Amino acid sequence: MVIQTFRTVRDMRAQVTAWKADGLRVGLVPTMGGLHAGHIALVQSALAQTDRVITTIFVNPTQFGAGEDLDSYPQTETEDSAKVADAGGHAMFIPSASEMYPSGFSTRVVVDGLTDCLCGVTRPGHMDGVSQVVTKLLNQAHADVAFFGEKDWQQLAVIKRLARDLDIDTEIRGVPTVRDDYGLALSSRNGYLNAEEIEIARKLNVVLKKAAYDIAAGGFAIDECMKAAKALMKAGFDKVDYVECRDAETLELIDKADGRSCRIFAAAHVGRARLIDNHQVN
Ligand code: PAF
């Protein structure tokens, strides 16, 4: 199935403007491609909640650090577009790097506080790059609602905050993480893993669920649960970036269950992949 593809901001905006003039609500699904069932769930959520859905593909260089996988990130535009078309999406926006960052581009977007922890620390500059490109995509599309996966919980929190702080008139909605039969959160980077590494990767959600259960059940200090979770992860993963219990909204570190809504966040490396996941505690 063929899907309409826009490559310039001007053409994409003209379509959104036309849809809106017809009274249609527009949904935006920003992605970096390498689409899997988790991305298609975003498209399906958007289709269920809006009338017209634009899926974007842009492998944003500013959110990759030195030595990260920018050059090997999956580039599967044809397959991705076919998947979105099959799901019922209405259009793709696939801009070039020069369309997104024209010569002389010099504006940064930094969300303080929420980016001072987790991936904001272990991947320096990553959250600023995400904030920059998402601000641009939101401004370019002027969609009514934009959809982001809850696997990237910190990213979702940062995007909600920047949209609020910058008066961006697009509602930001999270979509639950899609997992394989063993609970592994789907990620474009799972494709880097061999069979043995996938088995290790699948332990991540098991460890998080156990820690969340132990904290919610009471009787276990949060830092003890985090230490135990880290030890379990260290037994399989090549490197553990963090395992932390934080407030679900402010991302403040939580050391005692005090009725606040909290989540456990983890990031770890196995093989060529760096995986992240998070789990609700209560
Ligand atoms: O989650 C992603 O795929 C990316 O970080 C996003 C939001 C599309 C920005 O490049």
Side-chain angles (χ1 to χ4, degrees), residues 6 9 12 27-43 45-46 53-65 68-77 79-81 83-84 89 91-97 99-101 105 107-111 114-115 118-120 122-141 143 145-163 166 168 170-179 185-192 265 267 273-278:
F6 301 108
V9 175
M12 188 261 292
L28 185 75
V29 177
T31 83
M32 295 204 300
L35 301 192
H36 50 66
H39 295 109
I40 299 307
L42 298 179
V43 175
S45 288
V53 174
I54 300 190
T55 302
T56 78
I57 298 180
F58 180 63
V59 183
N60 173 37
T62 69
Q63 68 187 77
F64 288 79
E68 292 190 345
D69 55 346
L70 173 62
D71 293 337
S72 56
Y73 204 83
Q75 303 266 4
T76 48
E77 182 186 312
E79 295 87 335
D80 291 347
S81 298
K83 286 179 191 170
V84 174
M92 306 294 297
F93 175 50
I94 310 183
S96 63
E99 179 73 5
M100 291 300 277
Y101 299 115
F105 186 94
T107 301
R108 296 193 303 134
V109 180
V110 178
V111 178
L114 290 175
T115 62
L118 304 173
C119 293
T122 50
R123 295 183 71 189
H126 168 67
M127 284 294 162
D128 300 344
V130 169
S131 301
Q132 181 184 52
V133 78
V134 171
T135 300
K136 284 178 65 69
L137 290 166
L138 294 174
N139 280 331
Q140 289 165 348
V145 190
F147 297 83
F148 297 87
E150 290 183 352
K151 177 172 77 69
D152 299 276
W153 189 275
Q154 182 181 23
Q155 168 174 284
L156 178 60
V158 167
I159 293 168
K160 281 183 177 165
R161 180 67 59 86
L162 73 83
L166 299 176
I168 292 173
T170 300
E171 189 188 330
I172 308 299
R173 290 192 191 152
V175 176
T177 304
V178 177
R179 299 175 181 279
L186 299 192
S187 161
S188 307
R189 292 186 168 102
N190 292 354
Y192 299 155
F265 297 85
R274 178 183 184 276
L275 305 178
I276 60 171
D277 202 352
N278 66 88

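Note that ligands are numbered from 1 as they come in the structure, with each ligand's atoms numbered from 1 the same way. The shown structure was predicted, so the numbers you read here are calculated from the model rather than taken from an experiment.
- Test Leu166, Val111, Ile172 against Arg161 for side chain to side chain contact (heavy atoms under 4.5 Å, CB included) and you get one pass: Val111.
- Checked by atom type, the side-chain pair Asn60/Tyr101 shows a donor-acceptor distance below 3.5 Å.
- When Gln155, Lys151, Met32, His126 are checked for heavy-atom proximity to atom 5 (O) of ligand 1, Gln155 turns out nearest.
- Within ligand 1, counting atoms from 1 as listed, the ones closer than 4.0 Å to a heavy atom of Val133 are 9 (C), 10 (O).
- Looking only at distances, no side-chain donor or acceptor of Asn190 sits under 3.5 Å from a matching main-chain atom of Ala273.
- Put simply, the side chain of Asp80 never gets that close to the backbone of Gly33: no donor and acceptor are under 3.5 Å apart.
- Of all protein heavy atoms, the one lying nearest to atom 10 (O) of ligand 1 is Gln63 OE1, 2.6 Å.
- Residue contacts with ligand 1 for Thr31 involve N, CA, C or O but no side-chain atom from C-beta outward (heavy atoms, distance under 4.0 Å).
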